[in-house]
Structure formats: structure tokens, C-alpha cells
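All remarks here apply to the structure that follows.
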Amino acid sequence: MPKTDSRSRYCRTESGGCRRRTRIRRKKAFAVSPACFLSARALEQIKNDVCYSDNPVKLVAISAGVSYGALGTTHHSLHDFAALRAINNITIVAPADNFETEQAVKAAIAHEKPLYLRFGKKDMPYLGDADKTFAFGKGRIVREGTDLAIIANGETVYPALLAAQKLQEKLGLEATVVSMHTIKPLDTELLEQLAKNGRPIITVEEHMIYGGLGEACASHLFQKGYHNPFRIMAIPDEYTVTGSQGDIFRHYGISEDGIFQSATDLLNN
């Protein structure tokens, strides 16, 4: 029976001769599962079979964060950024609207390394035309401002944008809003640009307060010598309340009103 030579990917006979010269094409592997299961039950396979083995598998995590709402903590994925950031050789991406999602999927097809794509469940509002560029590892500025910066990802970017608009309407404050869709590698160049004028920085994420976007940003800035007023808005270290995704967002302040209030408090301190 013919065998496949993994180095040449040609079909070879038992004697080592090449019987036919048909090239075996390498398929693009996409593995899709709810984020709570993909990042927990399959963690060993992600660590060893995908990342350590350097297989360019696209891990597509659906219904992430608290998308499953009232199903509760067992079905929430508030640990995935933290767990996967600790694993070498994987890119972690959480798109914020349909434009970013389309671009991320196209980029994923061409990406030759392990990749984790994190999606929510509800409809994704369009974030506008302020920045129509997309690349893994590069944050996307969806609103420009000089008074403070709000850095978010996934489904928290839209409430961050609404909060920025409210800050302008109510208080005359201009906030930059960034969709930091790639958690790893982080866009440290953009992060340092945002921090240079000393303005306050808020990070917002649908994740546990530990190990996610906020801690990644804070760690880099502190090690680089920045001391901006800084606040991480995320799910605290507790089992979440029961309710819809919107209920949970409002309860923990990662809604439009919660972000508006946190920004106001940070600016007034």
C-alpha cells in the first residue's frame, strides 16, 4: 500500500520508490465549539497537539463570555484569554463587529500558525468607517479623542463606543475608543501611543478581571514605565449573577452607563 512521506507529501511505495507524483494538499482545519468547552475540555489538545506541534489549526470559539446568560457559570467562558495567553505559539483574536469578523476569517485562512477566534452570540452592531483596516496584532481605532482612552474587544467595544459618545454629549469629553481585537500578540506600539500624553486608560472586556486584556495592557505599560490612571473593567472574581448577557453586563458595569460612570470617576480622581 502507498505511504505518505510527510516531508515531500508525495505518494511512495513500500520500497521507497515514487509510484505517482500527485501532490497531497494540506487542508485548512477549523475546529468549532462553544468557547467554554473548547478552552477547557480541549486545553491539553490545544497546548500539545496544536501549539506545541505547530499545527495551523483555527480554533473557533462561539457563544463566548456570558453569551449563554442564564445557563450560568458552567457555560460561561471567562477564563479563555487567561488560559490561552499562557500557552506559547497561538494568536488570540476577538472581533467586535461584522467587518472585523469577515476580515478575521479571511486572515485566518491565510494564517499558518495556531489561532483562537472568539465570537459572541448576539447581533454585532457596525462600528463605523473611522478605521477600515484590519490585521492580526494591530488594534483598530473606532473613535478619536484626547481626554482618555477606552480599550475594549469583542462585544464590549460597542458599549464602550456608546459610552464615549455619552461622555462627549454630557460632559464635552473626547475619548479614543480602540477595538483591541488581538489579545496576543498585543499591539504594544498603539498602546504606548495612547499612553504617551498621560491620559487615563480604561480597558473593558467580557472576561474575568484576571489574565485578560486589562492585565495584558497594564503589564506592558507598567514595565515600560508608564503610570497613567488605569482601570480594568471586567467580571470580578466571583460566580456570575444569573441573567441574560445584557443583565450581566449591566450588573458588572460593562454596559454603556457603567463605562460612562467609571470614566467619569477616573477623570475626577
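- There is no side-chain donor-acceptor pair under 3.5 Å between E192 and T188.
- Using cut-offs of 30° and 60° on the angle between ring planes, the pair H207 and F81 is parallel.
- A donor and an acceptor atom, one from each side chain of E206 and Y252, are nowhere located under 3.5 Å apart.
- Annotation: H220 is not in aromatic contact with Y226 [ring centroid separation under 6.0 Å not met].
- Under the 3.5 Å distance criterion, the side-chain polar atoms of H111 are left unmatched by any main-chain donor or acceptor of F136.
- Defined by atom type and a distance below 3.5 Å, a donor-acceptor pair is present between the side-chain atoms of T133 and D131.
- When only modelled atom types and interatomic distance are considered, D54 and N89 share a side-chain donor-acceptor pair under 3.5 Å.
- In this structure, the side chains of I46 and C51 come closer than 4.5 Å at one or more pairs of heavy atoms.
- Side chains of D247 and S244: a donor on one and an acceptor on the other come within 3.5 Å.
- Annotation: H79 is not in aromatic contact with Y210 [ring centroid separation under 6.0 Å not met].
- Between the side chains of Y116 and D80, at least one donor-acceptor pair of N or O atoms lies under 3.5 Å.
- Using modelled atom types and a 3.5 Å distance limit, the side chains of D265 and Q261 yield a donor-acceptor pair.
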